[in-house]
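Notes follow once the structure below has been shown.
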Amino acid sequence: MKKVGIVMGSDSDLPVVEKAINVLESFGVPFEVHVFSAHRTPEEARAFALSAKENGFGAIIAAAGMAAHLAGAVAANTTLPVIGIPCKSNTLDGVDALLSTVQMPSGIPVATVAINGGANAAFLSVEILAVSDEALARKLADQRKKASQTVLQKNAAIEAKFNKNSEE
Ligand code: RP5
């Protein structure tokens, strides 16, 4: 199976990245995690992106905050699908990172998830790998079914609690 590459601009982004790691582990998808910064270690970020395809990656998740150029810088150097996670910092509530990540020029896309959306970044990477992996696609379908059942159980509990009089 292809690997998912996870890069983050700083180890301070790790709490968001851990949400992605947990999802990938739940699907048994292999991954690597690195700290590469578009600004502080641009050569390492570039080298990772340039060699990612030949190193067996099928998708890359890039998490960064503030002037978040990491996902775009990675996307500039690979044709693998790149998923950007804008991370919330102490100022501007993550809108700075959201706009820096999402507003890419035509031809160099970054699939941007919600601010701090680590879990969805991983789900999207699994969906990308599942296009050519039937077993993984079945795991995704099972996961969706389980998630639906959880919500239906919650609905049943809420209806039982609040709708007692509606059948009278
Ligand atoms: C970004 O700057 C990083 O992705 C991080 O979200 C933010 C702050 O980095 P640190 O100063 O905590 O290393 O490049």
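Order of listing sets the numbers, starting from 1, for every ligand and every atom in it.
Protein residues with any heavy atom under 4.0 Å from ligand 1: G9, S10, S12, D13, R40, A64, G65, M66.
The minimum heavy-atom distance between L70 and M8, with the atom names listed, is CD2-C, 3.7 Å. Annotation for A64 and A68: closest pair O-CB, 3.5 Å, computed over non-hydrogen atoms.
Between H34 and F48, the two ring planes are tilted [angle within 30° to 60°].
We find the CD1-OG1 distance between I83 and T101 to be 13.0 Å, quoted to the nearest 0.5 Å.
I60 and V23 fall into different hydrophobic clusters, where Ile, Leu, Val, Met, Phe, Trp and Tyr are joined by side-chain heavy atoms under 4.5 Å apart, directly or via other members.
Of the possible donor and acceptor atoms, none in the side chain of N22 sits under 3.5 Å from a partner among the backbone N and O of K19.
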